[in-house]
Amino acid sequence: MTIENSTTAGATAASPIDAIVVGAGFSGINMVRLLRDRGFDVLGIEAGDGVGGTWYWNRYPGARTDSEAFYYCYSFDQELLKSWKWSERYPAQPEVRAYLEHAADRFDVRRLFRFGVRVLGSRWDESTSTWAVQLDTSEIVYTRFLVSAMGILSAPNAPEIPGVETFEGRRVFAQQWPDDVDLTGKRVGIIGTGATGIQLTPVAAKLAAELFVLQRTPHYIIPNRNRPMTDEWRSQIHEQYDQIWEKVRSHPFAMPFTSRGLMGADATEESLETIFEEGWANGGLAFLFETFDDLLTNPEVNAVASEFFRKKIREVVHDPETAEKLTPRDYPLGAKRLPGEHSYYEAFNRPNVHVVDIRSTPIVEFTPKGLRLQDGTELELDIVVFATGFDAFSGAVSRVDIRGRSGVSIAEKWADGPATYLGIAVHDFPNFFMIGGPQSPFANNPPLGEAEGEYIARAVEFARDKGLSAIEPDLQREQEWDQLVQSMTEGTVFPQGEAVNSWIVGANIPGKKRVVQVYFGGAADYVNRLNESADTGFPDYVVSEIVRN
Ligand code: NA7
């Protein structure tokens, strides 16, 4: 596909386009819209052949949202909110992708994207105050502003297992599921039991002849209790949308949950049990946010909840040895992101499904027939699925060779952990912004991405209105933000015990520095900070005036 806009196609250092946005997921689609509506000449670049981002790539069987769709969507378009009819509480990947295709057409931004093109790198040119953006088509496109909307969980983690070249079966990455893979009647191994493995397992269990779930760490998992969206439920939501978004805006994870105002520390054993049962019955993330307010901060309350989850596993999984393997013990509930399940535990009651504890018997190598474990067992497999997660937050950006004012790459700057201001901008990288960057909150992505997109659009507009050639965060403000991010996990259950291996601290990627990558001060607090910065004219940034001869 070629760019229809001749200005952008012909961009040079002397006449750059205004902005390039990388990524066509929830955030990228909206970012292009926001800049276009402010009169900027904007080009979107997307590696996939269509819009969708996460929802374009993640096509593994069972892929669906873990947030309820009525708030996992764009909040700003009243017509879209009312006209789009989600079919289920947690819609499957094709439906979310269809929603984003519809949204891109509705906002008329699809024609501003180039699809099937990857950004390889970008260099800041001080003399012209432009970014030279290198594409994998061998083209270089010049732009004044560069915005990453590449996603927080988009760079796959691909563990290296010796002997892979000898394997005669098929190796598949869940996040890049090929259309021609069929699990029916096959001997399948799934490595990884995060949100992805948990969604894939029950579907694969029904298709595969034999399914081996290779688990390193058991998760705490909540039943999602998916159900169809009825017209009545939809109308109730439509009537309450103003309140729903109000709740989202004041919630630490940008979700419309309502605290009961209860503290577990004050509750009797009986009422703890009753309220946990209610949370369990409601399904989904309500368990974290609509039971007790001290669930994630009071270790004793957390311990009761963690034990409650363990009891539930024993109730569903018939074989005690299997149940024990699936039971998390070494870390508190909430220290890893809580995935939702759809008959995950029930899958292990099927005779063709086996959990393999690769913490005690690690995978040693691929063999021609499958995988060999440390105790000598060889699992014979036709397909090995990697559901091993992502190089989260910093991964997507640092895998692109972005070089700022000093010629240092962002990966080099972040070698000891990401340094950003507000998770959005980086000192020494002028006119560069990120949606979902490291040190931003981990929260319900669509509304958070909207807030970040608005902020970036305001910054770009500010630069234009003030006649600035460059804008970048003040170094001291960046350092203060880093200190704040690192201090925020004190007094919470993040990151403790085994959970230090979580992607939240970058510990799932060999060689990656272990630091907290997420701002835990809450999405609501974070958005207030963004608004304050923009409302007061970006005093936290250093700017360069355009030199006029
Ligand atoms: P996650 O949540 O990072 O899960 C990855 C899983 O893969 C997890 O069980 C890991 O075990 C396991 N893993 C990672 N590396 C290895 C190696 N080298 N060997 C064996 N097992 C490994 O990724 P998901 O894709 O499931 O979900 C990511 C998010 O996407 C999700 O939270 C949603 O927000 C969307 P570990 O727990 O590290 O021991």
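For this chain, numbers begin at 1 and follow the sequence in order. For ligands, and for the atoms within them, numbers begin at 1 and follow the listed sequence. All values derive from a computational prediction rather than experimental measurement.
Looking at Ala195 against ligand 1, both its backbone and its side chain come within 4.0 Å, counting heavy atoms. Neither the backbone nor the side chain of Asp66 has any atom closer than 4.0 Å to an atom of ligand 1 (non-hydrogen atoms only). Residue contacts with ligand 1, taken as heavy atom pairs separated by less than 4.0 Å, involve Ala387 solely via the backbone atoms N, CA, C and O.
Close contacts between ligand 1 and Asn157 involve ligand atoms 14 (C), 15 (N) [criterion: under 4.0 Å to a heavy atom]. Listed by atom number, the atoms of ligand 1 under 4.0 Å from Gly194 heavy atoms are 2 (O), 4 (O), 6 (C), 8 (C), 9 (O), 26 (O). Atoms of ligand 1 lying under 4.0 Å from any heavy atom of Pro159, numbered from 1 in the order shown and given with element: 17 (C), 18 (N). Within ligand 1, the atoms closer than 4.0 Å to a non-hydrogen atom of Ile358 are 20 (C), numbered from 1 in the order shown. Near Thr196, the atoms of ligand 1 lying under 4.0 angstrom from a non-hydrogen atom of the residue are 24 (P), 25 (O), 26 (O), 27 (O). Shown in contact with Gly192 at under 4.0 Å from a heavy atom are these atoms of ligand 1, numbered in order with element: 6 (C), 7 (O), 9 (O), 12 (C).
Atoms CE and OG, on Met150 and Ser27 in that order, are 12.0 Å from each other to the nearest 0.5 Å.
Sequence neighbours left out, the pairs with a member in residues 188-206 that pass side chain to side chain donor-acceptor pair (under 3.5 Å) are Tyr60-Gln199.
Cation-pi check for Arg89 over Trp233 is not met; the charged atom does not lie both under 6.0 angstrom from the ring centroid and within 45 degrees of its normal. Judged by the 6.0 Å and 45° rule, Arg59 forms a cation-pi pair with Tyr56. A cation-pi arrangement is found for Arg171 relative to Phe386, the charged atom lying closer than 6.0 Å to the ring centre and inside a 45° cone about the ring normal. Geometric assessment of Arg33 against the ring of Phe76 yields a positive cation-pi assignment under the 6.0 Å and 45° thresholds.
Distances from atom 37 (O) of ligand 1 to the heavy atoms of Gln175, Glu160, Arg359, Lys336 show the closest one on Lys336. Within the set Ile191, Thr193, Thr54, the minimum heavy-atom distance to atom 9 (O) of ligand 1 is found for Thr193. Around atom 11 (O) of ligand 1, the closest heavy atom drawn from His219, Arg216, Arg337 belongs to Arg216.
Not a single ring pair (Phe, Tyr, Trp, His ring centres under 6.0 Å) links His318 to another residue, sequence neighbours left out.
A side-chain N or O of Tyr220 and one of Arg310 form a donor-acceptor pair less than 3.5 Å apart.
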